[in-house]
Amino acid sequence: MRAMDVMTTNVVTVGPATSVQEVAKILSERNISGVPVVDAENRLVGIVSEGDLLHRVETGTERRVQRRRRSWWLDQFDADEELARNYVMTREVVTVGDTTDLAEIANLLETKRIKRVPVVRDGKLVGIVSRANLVRALAAVGGQLAGDVASDDRTIRQRLLAELREQPWVHTWAADIIVRDGVVHIWVGDDRPQAEKEALRIAAENIAGVRGVEEHLVPAPMIPPAF
């Protein structure tokens with residue numbers, strides 16, 4: 001299997017001028033741990049992770065500790081233009097191509113100790129592969145990432161994703177769908193209405209060449225209590 005078979009294609013991105021506060025808000029609201037930075041032509045210029053963000057926030061807090069005492073998390077969400085200007089994204093980003101084998105990507109994530117890797121084509125961002133994507137691929141193929149996917153499987157996936165993009169009720173990412181040997185594997189939150197789950201199954205079954213559909217339930221994100 002290759003990056004194109006499992007990658008998330010509707011990637012959340014930010015621009016080089018995005019402030020620290022905006023990045024923090026995006027990571028929190030989208031429940032993601034990192035976000036690629038792209039220019040106006042969708043060319044990858046960097047990446048911002050939770051670790052980068054917290055490091056810069058803590059640095060800024062240390063710099064101002066002599067002037068006033070405050071919790072760092074309050075400073076994080078302040079309209080602090082100084083911190084935003086001084087913020088530096090990670091520019092040397094590890095990337096892969098859309099035809100890179102998943103086994104190679106898995107080794108890259110392990111050796112580089114990273115959680116995700118952007119997928120580029122001709123320098124432009126086309127997707128992202130995370131450790132979660134690889135785990136789902138392992139579940140779909142029975143624990144073996146090596147070996148290619150038949151062209152029919154890729155066609156099925158592309159057609160299903162195209163069909164779902166036309167449906168306003170769909171909130172399923174490309175990474176939630178993997179096709180192997182004509183079987184469509186769909187990952188859905190356990191809080192999704194049964195009607196939506198059934199609609200996803202029917203949409204998959206209506207694609208020519210589909211031999212079956214397997215539903216994989218994942219726990220819904222926990223919402224922290226308000227204080």
Minimal non-hydrogen separation, [X] against [Y], with atom names:
X	Y	value
R121	D98	NH2-OD2, 2.6 Å
E205	V213	CG-CG2, 3.6 Å
V117	V94	CG2-O, 3.3 Å
P36	I128	CG-CD1, 4.2 Å
H216	E214	CD2-O, 3.6 Å
E215	K197	OE1-CB, 3.5 Å

Going from [atom1] on [X] to [atom2] on [Y], what distance comes out if it is rounded to the nearest 0.5 angstrom?
X	Y	atom1	atom2	answer
D190	R192	CG	CZ	11.0 Å
D152	R211	CG	CZ	11.5 Å
I207	L160	CD1	CG	5.5 Å
L134	M1	CG	CE	10.0 Å
D101	L108	CG	CG	12.5 Å
I105	M7	CD1	CE	9.5 Å

>> Assess the residue pair R180 and D153 against the criterion (salt bridge (charged side-chain N to carboxylate O under 4.0 Å, His left out)); give the C-alpha distance rounded to whole Å, side-chain angles, the decisive distance to 0.1 Å, and a yes or no.
In response: CA-CA 6 Å; R180 186 69 171 181; D153 288 341; 5.5 Å; no
Under 3.5 Å donor-acceptor, [X] side chain and [Y] backbone:
X	Y	answer
N107	E104	no
R131	I114	yes
E22	S19	yes
S28	K25	no
R136	I186	no

Going only through I, L, V, M, F, W and Y residues with side-chain contacts under 4.5 Å, is there a path from [X] to [Y]?
X	Y	value
L161	V183	no
I177	V135	no
L164	V188	yes
V12	V20	yes
L109	M4	no

> Is it true that the side chains of S130 and N133 contain a donor and an acceptor less than 3.5 Å apart?
Replying inline: yes
>> Under a 3.5 Å threshold, yes or no: a donor from one side chain and an acceptor from the other, between R116 and S49?
In response: no
> When L125 is tested against each of V119, V45, N42, V37 for side-chain contact (heavy atoms from CB on, under 4.5 Å), which residue passes?
Replying inline: N42
>> If the condition is side-chain hydrogen bond (donor to acceptor under 3.5 Å, both in side chains), which residues does R157 pass it with, not counting sequence neighbours?
In response: none
Are the side chains of [X] and [Y] in touch, meaning some heavy atoms are under 4.5 Å apart?
X	Y	value
V11	T9	no
R165	N10	no
D5	I178	no

>> Take a 6.0 Å sphere around CD of Q194 and say whether it holds more than 12 heavy atoms from other residues, nucleotides or ligands.
In response: yes
> Got more than 12 heavy atoms from elsewhere within 6.0 Å of CZ, R201?
Replying inline: yes
